K.L.:
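Structure incoming, see below.
Both backbone and side-chain heavy atoms feed into the values below; hydrogens, waters and symmetry mates do not. Just so it is clear, the structure is predicted and the values come from calculations on it, not from any experiment.
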Amino acid sequence: MFSWFANPSRFMNLSNWLAPACYAAGTLLIAWGLWQGLWIVPKDDYQGGDIMRVMFVHVPSAWLAMASYSAMAAMSFVWFIWRHEVADVAAKAIAPLGALWTALALATGAIWGKPTWGTWWQWDDARLMSVLFMFFLFLGYIALRAAMDTRQQAARAGAILAMVGAINVPLIHYSVDLFTSLHQDASVVTADGPKMAAVYLWPLLSSALGHSFLFAALVQTQMRTEIRERRTARIRADLMAGG
Amino acid sequence: MLPDFDKNAAYIWATVGIGTVSILMTTLIVILKARAAKAALAKAQAMAKKDTGT
């Protein structure tokens, strides 16, 4: 299966229509989720009143931050084992976007924290610090790749960092259970099913799915750019060698 | 018409604003970069074709 997707030409053909479809689906789902979250659903006094509406931006960002790191680590693993170049292209494309969504989760979490907890940030909070650590892992991945001399070295060093750093993802998820944290417990992804009322759950899931589609569209576009840049570099190198 | 969020309005609109602007800006940058890469490849391919033809 990996080999089928590993063909750059096949990927370019597939993403030629899939990326625009993901842009459209992502925009519509986010718009619907936000409209519901801001205008339609009633405020929840148990969750602090209107401030819970921040959830419709913060929670999808936080989920996607963790999912994007997992995807980057998975793509790195595929490259590491099978040496499929498209997997390396995907990992490279995910890193800056994952960093953005992690920054968004941190920023919106701080905004939600101020009126709820009375502080923007808590340095000894396991959830907050593990997410901050993931943000630095994304930045470290980008910096490490940029510091390498060859593409192979960059892919190898980046893949090792991404795979080792993946241990932080379950730590983020379980940090509220394992350590004392200001952050609330999981209310959607739990063993007993979602604890949240359906009136909030559906807009939240719509927004989360929308963020995922948009993220997938951006990753595909970044991958197409990277593949084209590699092709351009190869043609230029051939021209230089020939001339 | 904008909803009224009382004392929490600044926090809620700041969150929506940061989310919307950062995602829109990123999308714009990614698309512009993609267009530049496409143009650069087309130019390189044209040069290669010309080089092969002569």
K.L.:
Could you tell me whether A:F11 atom CZ has more than 12 heavy atoms of other residues or ligands within 6.0 Å of it?
P.N.:
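Atom CZ in A:F11 is crowded, with more than 12 foreign heavy atoms closer than 6.0 Å.
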
K.L.:
With rounding to the nearest 0.5 angstrom, report the CZ to CG distance, A:R234 to B:L41.
P.N.:
9.5 Å

K.L.:
Spell out the residues in residues 57-69 of chain A that have some non-hydrogen atom less than 4.5 Å away from a non-hydrogen atom of chain B, in order of number; otherwise answer 'none'.
P.N.:
A:V57

K.L.:
Without placing hydrogens or testing angles, list every side-chain donor-acceptor pair under 3.5 Å for residues 21-43 of chain A, not counting sequence neighbours.
P.N.:
from, atom 1, to, atom 2, distance (Å)
A:Y23, OH, A:T221, OG1, 2.8
A:T27, OG1, A:Y23, O, 2.7
A:W39, NE1, B:M1, O, 2.8

K.L.:
Rounded to the nearest 0.5 Å, what separates atom CG in A:L239 from atom CE in B:M47?
P.N.:
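CE of B:M47 is found 5.5 Å from CG of A:L239.
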
K.L.:
Quick one: NZ on B:K43 to CZ on A:R236, what's the gap to the nearest 0.5 Å?
P.N.:
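One finds 7.0 Å between NZ of B:K43 and CZ of A:R236.
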
K.L.:
Assess whether atom CH2 of B:W13 is packed by more than 12 heavy atoms of other residues, nucleotides or ligands within 6.0 Å.
P.N.:
yes

K.L.:
Verify the neighbour count for atom CZ of A:R10: are there more than 12 heavy atoms of other residues, nucleotides or ligands below 6.0 Å?
P.N.:
yes

K.L.:
Throw together a table of side-chain donor-acceptor distances under 3.5 angstrom for residues 24-33 of chain B, partners on residues two or more places apart or in other chains.
P.N.:
from, atom 1, to, atom 2, distance (Å)
B:T26, OG1, B:S22, O, 2.7
B:T27, OG1, B:I23, O, 2.7

K.L.:
Tell me, for A:L214 versus chain B, whether the close heavy atoms (under 4.5 Å) come from the side chain, the backbone, both or neither.
P.N.:
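Answer is side chain: those atoms of A:L214 sit under 4.5 Å from chain B.
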
K.L.:
Taking side chain as everything from C-beta outward and backbone as N, CA, C, O, which of these in A:I51 sits under 4.5 Å from a heavy atom of chain B? Side chain, backbone, both or neither.
P.N.:
both

K.L.:
Identify the heavy atoms of B:A34 and A:R228 that sit nearest to each other, and give their distance.
P.N.:
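Closest approach of B:A34 to A:R228: O-NH1, 4.4 Å.
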
K.L.:
Going by residue number, which parts of residues 110-118 of chain A are within reach of chain B, meaning a heavy-atom gap below 4.5 Å?
P.N.:
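Against chain B, the residues of residues 110-118 of chain A that fall inside the cut-off (heavy atoms, under 4.5 Å) are A:I111, A:K114, A:P115.
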
K.L.:
Would you compute the distance between atom CG of B:D51 and atom CD1 of A:I235 and round it to the nearest 0.5 angstrom?
P.N.:
11.5 Å

